[in-house]
Amino acid sequence: MNRIRGWMTIATIGVVAALVAGCAAPLRLEHEVRSQAAWVESARPAPGDRYVFERLPSQRSGDAAREQETLEKLAEPVLAAYGLRRAEAAADGAQAAVPWGVQIVARSVRYPYAPWDAPEPRPGWMPYGQIVVGRGVVSGIGLHWNLRPPYYVREVALTVRDRRRGEVVYETRATQDGPWADGPAQWTALLRAALDGFPTPPAGPRRVVIEQPRAE
């Protein structure tokens, strides 16, 4: 009995050590990205150019406004990496003189399990994650393991508008999926992936891998 308890203690220490090591490692997140640019040669962003965030009517009040503000704060350092700086009316004068407008639209969907974990048999027409059937739970050594953890699909769409000409001149969209719940690390990685290759991205869809430090 003492030997069994010793093995259980060693196993517990090993699990804890693995979890700690996993938490310390950066997240390696894969994204599907598609971007398109329509710059006028004489008018494209240059280092030091200013921009303002533009919002849809649905993003201007209540919880949506607070969520948008959080997303925009995460986007600021990502845009700054390309030399763009956010205009502040108090510091930079009238916003009418700011050449670029940036708009971000994001969505996140939480499914009860990953597509490949869907219970069988499953009709071909049934979208995964819409109906929870037979979610398995087993127990072992006092712990409960969920065989079908939640699965998340996130998407960010970002556009850049030339405010002098009133035209959208850059658009990009990135999607990310995996078992990670929404958090700053996941959204920052999405924004970094969406702006990969800015301002002259490659044509067509592409896969972008981002290693993002975990939020503390």
Side-chain angles (χ1 to χ4, degrees), residues 12-34 53 55-56 58-81 102-120 122 126-158 172-196 205-216:
T12 301
I13 293 173
V15 170
V16 172
L19 289 173
V20 171
C23 290
L27 288 172
R28 188 176 187 275
L29 301 169
E30 298 183 2
H31 305 79
E32 295 297 325
V33 182
R34 183 187 291 269
F53 284 116
R55 297 185 182 182
L56 298 171
S58 60
Q59 299 171 330
R60 297 174 187 170
S61 62
D63 290 340
R66 287 185 286 272
E67 291 172 0
Q68 194 67 18
E69 183 177 357
T70 298
L71 191 63
E72 290 168 359
K73 286 181 178 178
L74 292 175
E76 274 192 64
V78 180
L79 290 163
V102 175
Q103 185 180 90
I104 304 173
V105 177
R107 72 181 185 96
S108 176
V109 180
R110 179 185 183 276
Y111 295 100
Y113 41 73
W116 50 85
D117 284 338
E120 298 293 346
R122 178 170 65 92
M126 184 185 294
Y128 72 85
Q130 300 303 310
I131 301 177
V132 183
V133 179
R135 295 187 62 179
V137 177
V138 299
S139 62
I141 318 178
L143 298 176
H144 292 277
W145 301 93
N146 189 344
L147 297 182
R148 295 189 179 97
Y151 197 78
Y152 299 83
V153 178
R154 280 174 287 271
E155 182 179 65
V156 156
L158 183 148
T172 182
R173 185 181 303 271
T175 59
Q176 173 198 103
D177 60 275
W180 308 281
D182 292 349
Q186 287 74 25
W187 288 113
T188 298
L190 252 177
L191 290 162
R192 289 176 59 195
L195 284 166
D196 178 74
R206 63 193 188 277
R207 177 173 168 270
V208 177
V209 177
I210 300 291
E211 288 196 353
Q212 180 68 29
R214 297 172 187 263
E216 296 183 358

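Heavy atoms only: backbone and side chains are in, while hydrogens, waters and symmetry mates are out. None of these values were measured; they are calculated from a predicted model.
- With contacts defined as side-chain heavy-atom distances shorter than 4.5 Å, the pair Val153/Gln176 does not qualify.
- Trp116 has its ring centre less than 6.0 Å from the ring centre of Tyr151.
- Between Ile210 and Val208 there is a side-chain heavy-atom pair separated by less than 4.5 Å.
- Evaluation of the side-chain contact (heavy atoms from CB on, under 4.5 Å) rule for Thr175 yields Glu32, Glu155 as partners, not counting sequence neighbours.
- Taking a cutoff of 4.0 Å between a charged side-chain nitrogen and a carboxylate oxygen, Asp196 and Arg206 qualify as a salt bridge.
- Residues Leu190 and Arg154 approach most closely at CD1-CB, 3.5 Å, considering heavy atoms.
- By the 4.5 Å heavy-atom criterion applied to side chains, Pro184 and Leu74 are counted as neighbours.
- Side chain of Glu76 to backbone of Leu71: no donor-acceptor contact under 3.5 angstrom is found.
- Between the CD atom in Gln186 and the CZ atom in Arg214 there is a gap of 8.5 Å [rounded to 0.5 Å].
- A side-chain donor-acceptor contact under 3.5 Å links Gln212 and Arg192.
- In this structure, the side chain of Gln68 does not engage the main chain of Val105 through any donor-acceptor pair within 3.5 Å.
- With hydrogens and angles ignored, the 3.5 Å screen pairs no side-chain donor or acceptor of Glu67 with any backbone N or O of Ala64.
- You'll find the side chain of Leu27 stays beyond 4.5 Å of the side chain of Glu211, heavy atoms only.
- Without hydrogens or angle criteria, Thr172 side chain to Ala194 main chain gives a donor-acceptor distance under 3.5 Å.
- Looking only at side-chain heavy atoms (C-beta outward), Arg28 and Val209 come within less than 4.5 Å of each other.
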Would Trp187 and Ile104 count as a side chain to side chain contact (heavy atoms under 4.5 Å, CB included) if you check the C-alpha gap in whole Å, the side-chain angles of each, and the deciding distance to 0.1 Å?
CA-CA 12 Å; Trp187 288 113; Ile104 304 173; over 6 Å; no
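- A heavy-atom distance below 4.5 Å is not found between the side chains of Arg207 and His31.
- The neighbour count for Arg55 CZ, taken as heavy atoms of other residues, nucleotides or ligands under 6.0 Å away, is above 12.
- Put simply, the side chain of Leu29 reaches to within 4.5 Å of the side chain of Trp180, judged on heavy atoms.
- The shortest distance between side-chain heavy atoms of Gln103 and Leu56 falls below 4.5 Å.
- For the 3.5 Å distance criterion, the side chains of Asp177 and Tyr152 fail to qualify, holding no donor opposite an acceptor.
- Looking at every heavy atom in both residues, Pro150 comes nearest to Arg110 through CG-NH2, 3.0 Å.
- The shortest non-hydrogen separation linking Val33 to Ala174 is CG2-CB, 3.9 Å.
- Not one N or O on the side chain of Arg60 forms a donor-acceptor pair closer than 3.5 Å with the backbone of Ala65.
- To the nearest 0.5 Å, the span separating CD on Glu72 from CG on Leu191 amounts to 10.5 Å.
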